[in-house]
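To start, the structure under review is shown below, and the notes come after it.
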Amino acid sequence: QVQLVESGGGLVQAGGSLRLSCAASGRTFSSYAMAWFRQPPGKEREFVAGISWSGGSTNYADSVKGRFTISRDNAKNTVYLQMNSLKLEDTAVYYCAAPGSSAVLGPIRTTWRSYSYWGQGTQVTVSS
């Protein structure tokens, strides 16, 4: 059973930075693309960033390009999301996501339905 545990959320002023971490266990982490999604208050879950199984390819939502960076450390079974220049509209619960077992060595997907495993979420609140 795949388990994902996020950490690093919190309260930050606009313009500040946070780094989220997601520790994975339960299968060969390095064989799967990973992604971060977020769900703002009263809105649907949306794609934020994704990274290929090797870490050699990344994909970002237009709203975070140039501000957020996704990375992974396959030796530590961990994926990160470095968030800089945070804006009020970045306030959301952030989720780490992993695809199902059939997606081994597969591409980055940007729809939440493509992911089978989710962390518990970590709250990020950006204040003015």
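These values consider heavy atoms only, across backbone and side chains, with no hydrogens, waters or symmetry-generated copies.
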Let me see the working for Met83 and Val124 under side-chain contact (heavy atoms from CB on, under 4.5 Å), right down to the final yes or no.
-> CA-CA 10 Å; Met83 305 185 295; Val124 171; 3.8 Å; yes

What pairs with Lys65 under side chain to side chain donor-acceptor pair (under 3.5 Å), at least two apart in sequence or on another chain?
-> Asp62

Do Phe68 and Tyr80 belong to the same hydrophobic cluster, where Ile, Leu, Val, Met, Phe, Trp and Tyr are linked whenever their side-chain heavy atoms lie under 4.5 Å apart, directly or via other members?
-> no

Side chain to side chain donor-acceptor pair (under 3.5 Å) partners of Ser57, counting only residues at least two apart = none

For residues Ser25 and Val2, determine if any side-chain heavy atom of one lies less than 4.5 Å from a side-chain heavy atom of the other.
-> no

Nearest-0.5 Å distance that lies between atom CG in Asp90 and atom OG in Ser63 | 7.0 Å

Mark yes or no for whether Tyr115, through its side chain, and Arg109, through its backbone, hold a donor-acceptor pair below 3.5 Å.
-> yes

Do Ser31 and Thr28 have side-chain N/O donor and acceptor atoms under 3.5 Å apart?
-> no

Just by distance, do the side chain of Asn59 and the backbone of Ala35 share a donor-acceptor pair under 3.5 Å?
-> no

Same apolar cluster (I L V M F W Y, side chains within < 4.5 Å links), Val104/Trp53 = yes

Does the side chain of Glu46 come within less than 4.5 Å of Gln39's, by heavy atoms?
-> no

Closest approach of Pro99 and Ala103, non-hydrogen atoms and distance?
-> CB-CB, 3.6 Å

Treat each ILVMFWY residue as a node, draw an edge where side-chain heavy atoms are under 4.5 Å apart, and state whether Tyr32 and Leu105 are in one component.
-> yes

Verify, without hydrogens or angle tests, whether Thr78 (side chain) and Lys76 (backbone) share a donor-acceptor contact under 3.5 angstrom.
-> yes

Between the side chain of Arg45 and the main-chain N/O of Pro40, is any donor-acceptor distance below 3.5 Å?
-> no

Does a donor on one side chain sit under 3.5 Å from an acceptor on the other, for Ser17 and Asn84?
-> yes

How many angstroms lie between CG in Asn77 and CD in Gln3, if you round to the nearest 0.5 Å?
-> 12.5 Å

For Pro107 and Ala33, the nearest pair of non-hydrogen atoms, with its separation, is O-CB, 3.8 Å

Approximate separation, where rounding is to 0.5 Å, of Leu20 CG and Gln82 CD = 9.0 Å

Spatial distance of atom OG (Ser127) from atom CG (Leu88) [nearest 0.5 Å] | 7.5 Å

Report whether Val64 and Ile51 are members of the same hydrophobic cluster (ILVMFWY, side-chain heavy atoms less than 4.5 Å apart, transitive linking).
-> yes

Cluster question for you: counting only ILVMFWY and a side-chain heavy-atom cut-off of under 4.5 Å, with indirect links fine, are Ile108 and Trp36 together?
-> no

Closest approach of Ala49 and Leu81, non-hydrogen atoms and distance?
-> CB-CD1, 4.1 Å

Are Phe37 and Tyr95 close enough, and set up right, to give a ring pair (Phe, Tyr, Trp, His ring centres under 6.0 Å), and what steps lead you there?
-> CA-CA 5 Å; Phe37 286 76; Tyr95 297 92; 8.8 Å; no

Go through the steps for Phe47 and Tyr60 under the test side-chain contact (heavy atoms from CB on, under 4.5 Å), then give the verdict.
-> CA-CA 8 Å; Phe47 174 80; Tyr60 296 93; 5.7 Å; no

Apply side chain to side chain donor-acceptor pair (under 3.5 Å) to Thr91 and Glu89, showing your working.
-> CA-CA 5 Å; Thr91 294; Glu89 52 265 39; over 6 Å; no

Closest approach of Cys96 and Met34, non-hydrogen atoms and distance?
-> SG-CE, 3.6 Å

Going from CD on Gln1 to CZ on Arg27, what distance comes out if it is rounded to the nearest 0.5 angstrom?
-> 10.0 Å

Look only at the side chain of Glu6 and the backbone of Gly121, and say whether a donor-acceptor pair between them is shorter than 3.5 Å.
-> yes

Does Arg38 reach the main-chain N or O of Val93 with its side chain, forming a donor-acceptor pair under 3.5 Å?
-> no

All ring-ring contact (aromatic ring centres under 6.0 Å, His included) counterparts of Phe29, not counting sequence neighbours = none

Atom of Leu18, atom of Gly8 and distance for their closest heavy-atom approach | CD2-O, 3.8 Å

Measure across Ala24 and Leu4 and return the closest heavy-atom pair with its distance rounded to 0.1 Å.
-> CB-CD2, 3.6 Å

